[in-house]
Amino acid sequence: MTTLKELATLLNISVSTVSKALNDSHEISENTRVRVKELATKLNYKPNRIAQQLKTNKTKIIGVILPTVTNPFFAEVLHGIEKTATNNDYDIIVCLSNETLHKEKRSLDLLANGSVDGFIIAVARESQVKAQTEHIQSAINSKLPVLMFDRVVKDIDCNKVIVDDFQSVYEATEHLIVTEKRKNILLVSNIEELSVGQLRIGGYTKALEDYNLESNILKLDNAVDLDVEKKIFNYLDENKSIDAILSIDHVTGIVAINMAKKLGKEIPKDLSVVGFGYEHTQVLSSPKISIIHQKAHKIGEMSTKLLIENIKDDTLELQTIVVPSELKLSESLKNKS
């Protein structure tokens with residue numbers, strides 16, 4: 001492997017000059033920079049990351065801890081993180097908590113030993129349910145920059161990137177009431193124990209209160225409830241006055257459309273449906289489901305930029321950035337124009 005010293009010898013310049021040229025220092029002439037970079041490319045020179053880390057005390061690596069990547073939201077956020085990190089000359093190490101407290105702690109401990117310069121994390125379901133996030137606070141106390149996105153802990157002071165969960169669901173509910181003329185709106189939830197779920201339910205109930213309507217919530221056991229289809233089918237069968245469904249996760253809205261059709265209901269004539277999701281998931285249902293579109297890629301992009309700023313300057317004031325969602329109307333609503 002070619003070294004800085006070998007490049008310096010071949011070019012008859014100092015090692016310091018080679019290093020500065022490769023890092024585009026203004027102290028080095030354009031001609032010298034070009035000569036150094038051309039030879040480095042020809043000889044396939046690769047910087048010694050360990051040496052760089054020892055010199056700068058930075059790894060140029062970001063740790064990313066996600067609850068799962070089977071949820072398309074987190075997969076899309078990860079894509080935004082990876083692309084933005086690469087554009088800023090950072091690499092990422094990804095760990096999955098699998099929604100468990102133990103695995104989240106283990107991942108944090110594994111990477112907090114100098115392997116990364118900071119963390120991007122969405123808190124695991126079990127950590128939020130048990131309100132056990134001391135391991136995250138411990139990382140912050142050890143001066144490691146931490147950024148939370150989507151699922152955040154209110155009492156932990158760090159940079160955060162969140163979605164306007166309360167407002168987006170309020171507006172979707174209001175659309176069902178005002179534009180769709182619906183009066184009996186069912187909210188289907190399997191994430192009510194999470195911070196984002198509580199905010200979404202809050203937006204729904206506030207909209208109903210403002211229009212003097214009764215709330216109607218079907219709470220499923222958890223994100224992997226195997227009886228989702230049966231429970232939604234039975235609920236709709238027993239509550240025939242339901243004229244709209246609002247799903248606050250990425251799956252049950254599509255399930256609700258299928259179960260309503262099974263009961264002979266016409267969508268959107270008899271039943272309007274809104275769920276969470278992305279444009280490419282709308283084709284998974286017939287009719288195409290209307291969605292609250294979270295800007296997942298944007299969330300990943302903003303999270304990475306904000307964390308890198310924090311890594312470079314830990315004196316910057318902490319921020320909470322809100323990425324607005326968008327109600328994208330489609331065939332599951334009568335008034336989709």
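It should be emphasised that the depicted structure is a prediction, and the values quoted were computed from it without experimental measurement.
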Side chain to side chain contact (heavy atoms under 4.5 Å, CB included) evaluation trace for L176 with L333
CA-CA 8 Å; L176 290 170; L333 296 178; 3.8 Å; yes
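- A side chain to side chain contact (heavy atoms under 4.5 Å, CB included) with R200 is found for exactly one of I292, L187, I248, namely I248.
- With hydrogens and angles left out, the side-chain atoms of S29 and N31 include no donor and acceptor closer than 3.5 Å.
- Annotation: the span from L147 atom CG to I81 atom CD1 amounts to 8.5 Å, rounded to 0.5 Å.
- Smallest separation of non-hydrogen atoms from S215 and T205: CB-CG2, 4.4 Å.
- Residue N216 holds its CG atom at 4.0 Å from CD1 of I242, rounded to the nearest 0.5 Å.
- A donor-acceptor pair under 3.5 Å is absent between the side-chain atoms of T252 and the main chain of V255, judged by distance alone.
- The backbone N or O of N310 sits nowhere less than 3.5 Å from a side-chain atom of D314 that would complete a donor-acceptor pair.
- Residue C95 holds its SG atom at 9.5 Å from CZ of R106, rounded to the nearest 0.5 Å.
- The 12-atom threshold is not exceeded at CG of D157, counting heavy atoms of other residues, nucleotides or ligands nearer than 6.0 Å.
- Remark: side-chain polar atoms of S303 are paired, donor with acceptor, to backbone N or O of I299 under 3.5 angstrom.
- Side chain of T86 to main chain of E82: a donor-acceptor pair is present (N/O by atom type, distance under 3.5 Å, no hydrogens or angles).
- Residues I162 and D165 are not in side-chain contact: their nearest non-hydrogen atoms beyond the backbone lie 4.5 Å or more apart.
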Step-by-step side chain to side chain contact (heavy atoms under 4.5 Å, CB included) determination, N98 to T68
CA-CA 6 Å; N98 295 322; T68 177; 5.7 Å; no
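- Nearest heavy atoms, E214 versus L208: O-CD1, 3.6 Å.
- Put simply, the side chain of K261 reaches to within 4.5 Å of the side chain of S286, judged on heavy atoms.
- When side chains are defined from C-beta on, N159 does not count as touching V146, because their heavy atoms never get closer than 4.5 Å.
- Atom CD1 of I28 is separated from atom OG of S19 by 9.0 Å, given to the nearest 0.5 angstrom.
- With hydrophobic clusters built from ILVMFWY side chains whose heavy atoms lie under 4.5 angstrom apart, L43 shares a cluster with I13.
- Contact check on E180 versus K334 returns no salt bridge, with no Lys/Arg side-chain nitrogen under 4.0 Å from an Asp/Glu carboxylate oxygen.
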Using the rule given for side chain to side chain contact (heavy atoms under 4.5 Å, CB included), can you reason through S325 versus H293, listing the C-alpha separation, both sets of side-chain angles and the distance that settles it, and then say yes or no?
CA-CA 6 Å; S325 301; H293 176 49; over 6 Å; no
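- Residues L101 and V64 do not share a hydrophobic cluster, clusters being chains of Ile/Leu/Val/Met/Phe/Trp/Tyr side chains in contact below 4.5 Å.
- Tracing side-chain contacts under 4.5 Å through hydrophobic residues (I, L, V, M, F, W, Y), one never reaches L199 starting from V153; they form parts of separate clusters.
- Annotation: side chain of K42 is not in contact with side chain of E38 (no heavy-atom distance under 4.5 Å).
- Other residues, nucleotides and ligands contribute over 12 non-hydrogen atoms within 6.0 Å of the CZ atom of R33.
- Nearest heavy atom pair, residue R151 against residue A124, reads NH1-C, 3.8 Å.
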Checking side chain to side chain donor-acceptor pair (under 3.5 Å) for the pair T304/T84: CA distance, chi angles, key distance, verdict?
CA-CA 6 Å; T304 310; T84 308; 4.8 Å; no
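- When only modelled atom types and interatomic distance are considered, S127 and T133 share no side-chain donor-acceptor pair under 3.5 Å.
- With 3.5 Å as the limit, one finds no donor-acceptor pair spanning the side chains of Y45 and E6.
- In this structure, the side chain of K206 does not engage the main chain of Y170 through any donor-acceptor pair within 3.5 Å.
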Output, in order, the C-alpha distance, side-chain angles, deciding distance and verdict of side chain to side chain contact (heavy atoms under 4.5 Å, CB included) for L246 and Y204.
CA-CA 9 Å; L246 176 59; Y204 161 80; 4.1 Å; yes
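- A salt bridge is defined here as a Lys NZ or Arg NE, NH1 or NH2 lying under 4.0 Å from an Asp or Glu carboxylate O, and E301 with K305 meets this definition.
- In this view, D24 and K37 satisfy the side-chain hydrogen bond (donor to acceptor under 3.5 Å, both in side chains) rule, not counting sequence neighbours.
- Defined by atom type and a distance below 3.5 Å, a donor-acceptor pair is missing between the side-chain atoms of N234 and E238.
- Considering only heavy atoms from C-beta on, I191 comes within 4.5 Å of R125 through its side chain.
- Using a 4.5 Å cut-off between side-chain heavy atoms of Ile, Leu, Val, Met, Phe, Trp and Tyr, with links allowed through other members, F166 and V196 fall into different hydrophobic clusters.
- Here K130 pairs with E126 under the side-chain hydrogen bond (donor to acceptor under 3.5 Å, both in side chains) rule; sequence neighbours left out.
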Could you go through the side chain to side chain donor-acceptor pair (under 3.5 Å) check for S330 and S290 one step at a time?
CA-CA 5 Å; S330 192; S290 298; 5.2 Å; no
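- Residues L263 and L271 share a hydrophobic cluster, clusters being chains of Ile/Leu/Val/Met/Phe/Trp/Tyr side chains in contact below 4.5 Å.
- Residue F119 holds its CZ atom at 9.0 Å from CD1 of I93, rounded to the nearest 0.5 Å.
- In this structure, D117 contributes its side chain and K60 its backbone to a donor-acceptor pair below 3.5 Å.
- By the 4.5 Å heavy-atom criterion applied to side chains, L327 and L329 are counted as neighbours.
- No more than 12 heavy atoms of other residues, nucleotides or ligands sit less than 6.0 Å from atom NZ of K298.
- K143 places no side-chain N or O within 3.5 Å of a backbone atom of I140 that could act as its donor or acceptor partner.
- In terms of heavy-atom proximity, E229 sits nearest to M259 at O-SD, 3.4 Å.
- Between the side chains of Q128 and S195, at least one donor-acceptor pair of N or O atoms lies under 3.5 Å.
- Applying the 6.0 Å contact sphere to NZ of K160 captures more than 12 heavy atoms from other residues, nucleotides or ligands.
- Proximity of a side-chain donor or acceptor of K288 to a complementary backbone N or O of S285 within less than 3.5 Å is not detected.
- In this structure the side chain of V123 reaches within 4.5 angstrom of the side chain of I136, judged on heavy atoms.
- Classified by interplanar angle (parallel below 30°, tilted 30° to 60°, perpendicular above 60°), the ring pair F149/F73 is tilted.
- The shortest heavy-atom contact between Q294 and D150 is NE2-OD1, 4.2 Å.
- D313 places a side-chain N or O within donor-acceptor distance of the main-chain N or O of T315, the cut-off being under 3.5 Å.
- Side-chain contact between N141 and Q137 is present, with at least one heavy-atom pair separated by less than 4.5 Å.
- Residues S107 and I65 approach most closely at CB-CD1, 4.0 Å, considering heavy atoms.
- Listed for the K231 side chain is no donor-acceptor partner under 3.5 Å among the backbone atoms of L218.
- Side-chain contact check for E192 and S189: at least one donor-acceptor pair (N or O, by modelled atom type) lies under 3.5 Å.
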Before giving the answer on side chain to side chain donor-acceptor pair (under 3.5 Å), spell out for S14 and T17 the whole-Å C-alpha distance, their side-chain angles and the decisive distance to 0.1 Å.
CA-CA 5 Å; S14 70; T17 299; 2.8 Å; yes
